[in-house]
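Some notes on the structure that comes next.
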Amino acid sequence: TRSTRPQRLLRAVQKKAIKGDPQSVISTIDYFCRHSEWAMNVGDEKGVILDSVVCEVSPSTALELGTYCGYSTVRIARLLPPGTKLITLEFNPDYAAVARQIIEYSGLQDKICLVEGASGDLIPKMQELFGIKTFDFVFLDHWKDRYLPDIKLLEECQLLRKGSILLADNVICPGTPDYLEYVRNSPRYESKYFKSHLEYTKVEDGLEKSVFLG
Ligand SMILES: O=C(NCCCCc1cc2cnccc2s1)c1cc(-c2ccc(F)cc2)cc(O)c1O
Ligand SMILES: [Mg+2]
């Protein structure tokens, strides 16, 4: 049967990127998605905003919801100080299998823990599975209708602390209206919108950065 898009993206990385060099893995994926096949990575334009927030927070504990092929996983992990852990959740086993290989190719596997499953099932198990008390940083990039229920779940499970930073992709396209309304109007969050474009296109999209106030 025909290969899948993630498999073709992995093949491009294995062929063109330098093993152990996260930046070359990132650049190879961006080139492939611009010139061969579009794919739903956060991309280079929004990726620069993601980088700046990760550097500013310099998290000890980080959670990514939605791994896909591991592009943003590698982007985040390459900026984390030694000894920190990025936990990334992926629902689709085929995507997870490709992401594991891309993460390994980048050489960042020791900083990353990829878990397969649904966020609604896994978030309540974070303490028991990983001994995590709270997350300093959460990157939301999974089902757009799960952003709001999942931050409420993070609050209920006491996985956020005063100052925890949430960064959400695609708040305009495909859009997460209920999430935006909540974080922009809740007294428990201080929110800021970073205008950008849908990965590899001229369509408007952006990232919403929200600080949990406790
Ligand atoms: O759907 C998107 N991402 C989510 C797919 C991941 C599903 C998961 C659910 C789940 C549940 N629990 C744990 C882990 C996970 S992973 C997505 C889509 C577009 C897009 C697509 C077409 C288009 F025309 C315009 C934009 C752009 C983007 O940047 C995206 O991120
Ligand atoms: Mg996205």
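Quick note: numbers below take in every heavy atom, side chains included, and nothing from hydrogens, waters or symmetry partners. Just so you know, these numbers come straight off a predicted model, no measurement behind them. Counting starts at 1 for both ligands and their atoms, following the listed order.
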Practice item. Apply the test side-chain contact (heavy atoms from CB on, under 4.5 Å) to residues S119 and H142: give CA-CA distance (whole Å), side-chain angles for both, the deciding distance (0.1 Å), then the verdict. Key: CA-CA 9 Å; S119 51; H142 63 325; 3.5 Å; yes
Point to revise | E64/R75 ion pair, N-O < 4.0 Å | key: no
Review point. Residues in side chain to side chain donor-acceptor pair (under 3.5 Å) with K144, at least two apart?
Key: D141, Y147, N170
Study note, to complete from the structure: With heavy atoms and a 4.0 Å threshold, my read on which part of R146 contacts ligand 1 is neither
Exercise for review: List the closest protein heavy-atom neighbour of atom 30 (C) of ligand 1: residue, atom name, distance to the nearest 0.1 Å.
Suggested key: N170 OD1, 3.3 Å
Exercise for review: Would you check the N or O atoms of N41, main chain and side chain alike, for any that come under 3.5 Å of an N or O of ligand 1?
Suggested key: no
Exercise for review: Identify, with sequence neighbours excluded, every residue that meets salt bridge (Lys or Arg N to Asp or Glu O under 4.0 Å) alongside D21.
Suggested key: none
Exercise for review: Could you tell me whether W38 and ligand 1 have an N or O pair separated by under 3.5 Å?
Suggested key: no
Check your understanding: Do any non-hydrogen protein atoms sit less than 4.0 Å from atom 24 (F) of ligand 1?
Key -> no
Exercise for review: Check which protein N, O or S atoms are less than 2.8 Å from the Mg ion (ligand 2) and report how many there are.
Suggested key: 3
**Study point:** Numbering as shown, the atoms of ligand 1 that approach L89 to under 4.0 Å (heavy-atom distance)
**Key:** 14 (C)
**Study point:** Atom indices of ligand 1 within 4.0 angstrom of D169 heavy atoms, with elements
**Key:** 29 (O)
Exercise for review: Report yes if the side chains of L9 and N41 come closer than 4.5 Å at any heavy-atom pair, otherwise no.
Suggested key: yes
Exercise for review: State the atoms of ligand 1, each with its element, that fall below the 4.0 Å cut-off from a heavy-atom position in L198.
Suggested key: 25 (C), 26 (C)
**Study point:** Aromatic ring pairing F139/F137, orientation class (parallel under 30°, perpendicular over 60°, tilted between)
**Key:** parallel
Check your understanding: So do R78 and I26 actually touch side chain to side chain, heavy atoms under 4.5 Å?
Key -> yes
Study note, to complete from the structure: Note: P81 and S58 closest approach over all heavy atoms is CG-OG, 3.8 Å
Exercise for review: Looking only at protein heavy atoms, identify the closest one to atom 1 (O) of ligand 1 and say how far it is in Å.
Suggested key: K144 CE, 3.8 Å
Point to revise | Test item, G117 contacting ligand 1 (heavy atom, 4.0 angstrom) | key: yes
Review point. How does V203 reach ligand 1, if at all, at less than 4.0 Å between non-hydrogen atoms: by side chain, backbone, both, or neither?
Key: neither
**Study point:** For G66, atoms of ligand 1 separated by under 4.0 Å from a heavy atom
**Key:** 16 (S)
Point to revise | Nearest neighbour in protein (non-hydrogen) for atom 5 (C) of ligand 1 | key: M40 CE, 3.8 Å
Check your understanding: Is the shortest heavy-atom distance from the side chain of I151 to the side chain of Y179 under 4.5 Å?
Key -> yes
Exercise for review: Side-chain contact test, heavy atoms from C-beta onward, threshold under 4.5 Å: evaluate it for F135 versus M126 and give yes or no.
Suggested key: yes
Practice item. Number the atoms of ligand 1 from 1 as they appear, then name those within less than 4.0 Å of a heavy atom of E199, with their elements. Key: 27 (C), 28 (C), 29 (O)
Review point. So is L65 in contact with ligand 1, going by heavy-atom distances below 4.0 Å?
Key: no
**Study point:** N or O contact, E90 vs ligand 1, cut-off under 3.5 Å
**Key:** no
Review point. Would R184 count as a cation-pi partner of Y193, with NZ or CZ less than 6.0 Å from the six-membered ring centre and within 45° of the ring normal?
Key: yes
Point to revise | Residue, atom name and distance, where the atom is the protein heavy atom closest to atom 10 (C) of ligand 1 | key: F91 CB, 3.6 Å
**Study point:** Nearest non-hydrogen protein atom, atom 6 (C) of ligand 1
**Key:** H142 CA, 4.1 Å
**Study point:** Backbone or side-chain N or O of T67 under 3.5 Å from ligand 1 N or O
**Key:** no
Review point. Below 4.5 Å, heavy atoms only, C-beta onward: do L114 and Q109 meet side chain to side chain?
Key: no
Practice item. Test side-chain contact (heavy atoms from CB on, under 4.5 Å) on K111 and L86 and set out the steps. Key: CA-CA 6 Å; K111 295 184 169 196; L86 169 61; 5.8 Å; no
**Study point:** Pair D44-Y200, side-chain donor/acceptor within less than 3.5 Å
**Key:** no
**Study point:** With sequence neighbours excluded, residues passing side chain to side chain donor-acceptor pair (under 3.5 Å) with Q7
**Key:** T4
Review point. Can you check whether D141 has an N/O within less than 3.5 Å of an N/O in ligand 1?
Key: yes
Practice item. Quick one: look up the protein heavy atom nearest atom 12 (N) of ligand 1 and list residue, atom name and how far away it is. Key: S119 N, 2.8 Å
Check your understanding: Does NZ or CZ of K152 come closer than 6.0 Å to the centre of the six-membered ring of Y182, within 45° of the ring's axis?
Key -> yes
